[in-house]
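Note that the coordinates shown come from a computational prediction; the quantities given were computed from them, not determined experimentally.
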Amino acid sequence: MRFDIRIEGDLRERMEREILAAERAVTGGIRAAGTGLKNDWRAQLRGGGLGDRLPRAIRANTYPARGESIGAAALIHVKGRHTPEVIDAHDRGALIRSRDGFWLAIPTAATAKLRGSGNKRITPLGFERKTGLPLRFVYRRGKPSLLVVDQARINRKGRVAKKGGRRRKDGILTGEQTVIAFLLVPQVKLPKRTDLGRDAEKWGNRLAGMIVDRWKDRT
């Protein structure tokens, strides 16, 4: 038995068309999967009650940035100096302890909007330096201990401030308050709010099919 095989048309041209089709299919699939993963991660962060700032930090880049390539790749990353650590902590449900093994100082609503040096979260020392208000330690057995400000008030912005005005004969300022500035706890267990690995696996499993579908539809 003998077979006669003949190639009709230009083989080189056919191969070049197939290579171009492969480049378009791979790059298109990679780009779509990267965008899908980025959007799913952003949706998880919003759904986990982490606001809008953290979701916007999720970015997607496709390489090459222009044109197509069989070796195309997508990088889903987090923009920001400490943002990746914050997102990872919520994704793992991390246990956070004080670096010195003593207390974690958590700002209350009266101090949370104040910022320390370098626009970082306010610390007790930074609070005293910034406001000039001394903090007093209040120990509570079986409950978070406190750092409070005496002879204070809550201003119109909802922040703790020094109480001015006249003193009564007994030395008390009229309308003065003792304001809780920080809660002190030995550690904090963050709730696990996201499962980013689940979405990464989902889009990884879809990728091959997305590339094949684009290759089939090239005509």
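- The local environment of CD in Glu85 is crowded, with over 12 non-hydrogen atoms from other residues, nucleotides or ligands closer than 6.0 Å.
- Within the 3.5 Å criterion, the main-chain N or O of Ala65 finds no donor-acceptor partner in the side chain of Thr62.
- Listed by chain and number, the residues in a side-chain contact (heavy atoms from CB on, under 4.5 Å) with Leu20 are Glu23, Arg24 (sequence neighbours excluded).
- Minimum heavy-atom separation, Gly29 to Arg214: N-CD, 3.5 Å.
- Judged by distance alone, with hydrogens and angles left aside, the side-chain atoms of Lys130 form no donor-acceptor pair with the main-chain N or O of Gly132 at under 3.5 Å.
- Considering only residues two or more places apart in sequence or on other chains, Gln187 meets the side chain to side chain donor-acceptor pair (under 3.5 Å) condition with Arg97.
- Using a 4.5 Å heavy-atom cutoff, the side chains of Thr178 and Arg136 are in contact.
- Within a 6.0 Å radius of NZ in Lys143, other residues, nucleotides and ligands contribute 12 heavy atoms or fewer.
- Scanning all heavy atoms of the two residues, the minimum distance from Pro144 to Arg140 falls at O-NE, 2.8 Å.
- The distance from atom OG1 of Thr194 to atom CZ of Arg92, rounded to the nearest 0.5 Å, is 10.5 Å.
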Side-chain polar contacts of residues 73-80 - donor-acceptor pairs under 3.5 angstrom, sequence neighbours left out - could you list them?
| unit_1 | atom_1 | unit_2 | atom_2 | d |
| --- | --- | --- | --- | --- |
| His77 | NE2 | Asn61 | OD1 | 2.5 |

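- With rounding to the nearest 0.5 angstrom, the CZ atom of Arg31 is 6.5 Å from the OG1 atom of Thr27.
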Side chains of residues 37-60: which donor-acceptor partners sit under 3.5 Å, not counting sequence neighbours?
| unit_1 | atom_1 | unit_2 | atom_2 | d |
| --- | --- | --- | --- | --- |
| Asn39 | ND2 | Thr35 | O | 3.3 |
| Asp40 | OD2 | Lys202 | NZ | 2.5 |
| Asp40 | OD2 | Trp203 | NE1 | 2.9 |
| Trp41 | NE1 | Leu196 | O | 3.0 |
| Arg42 | NE | Pro55 | O | 3.0 |
| Arg42 | NE | Ile58 | O | 3.1 |
| Arg42 | NH2 | Ile58 | O | 2.8 |
| Gln44 | OE1 | Asp195 | N | 2.7 |
| Gln44 | NE2 | Asp195 | O | 2.9 |
| Gln44 | NE2 | Asp199 | OD2 | 2.6 |
| Arg59 | NE | Arg56 | O | 3.0 |

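- When the side-chain contact (heavy atoms from CB on, under 4.5 Å) test is applied to Leu207, the partners found at least two apart in sequence or on another chain are Ile30, Ala33, Ile211.
- Annotation: side chain of Val148 is not in contact with side chain of Phe182 (no heavy-atom distance under 4.5 Å).
- For the pair Met210/Trp215, no side-chain contact is recorded, criterion being any heavy-atom separation below 4.5 Å from C-beta on.
- Distance check, rounded to the nearest 0.5 Å: CD1 of Ile70 to CD1 of Ile19 gives 6.0 Å.
- Contact of the Leu135 side chain with the Glu128 side chain is registered, since non-hydrogen atoms from C-beta on lie closer than 4.5 Å.
- Judged as a side-chain contact (heavy atoms from CB on, under 4.5 Å), and not counting sequence neighbours, the contacts of Leu184 are Trp103, Ala105, Phe137, Ser145, Leu147.
- Remark: side-chain polar atoms of Gln177 are not paired, donor with acceptor, to backbone N or O of Asp150 under 3.5 angstrom.
- The cluster map of Ile, Leu, Val, Met, Phe, Trp and Tyr, joined by side-chain heavy atoms under 4.5 Å apart, puts Val185 and Ile96 in the same cluster.
- For Ile180, the CD1 atom counts as loosely surrounded, since its 6.0 Å shell holds 12 or fewer non-hydrogen atoms of other residues, nucleotides or ligands.
- Listed for the Asp91 side chain is no donor-acceptor partner under 3.5 Å among the backbone atoms of Ile87.
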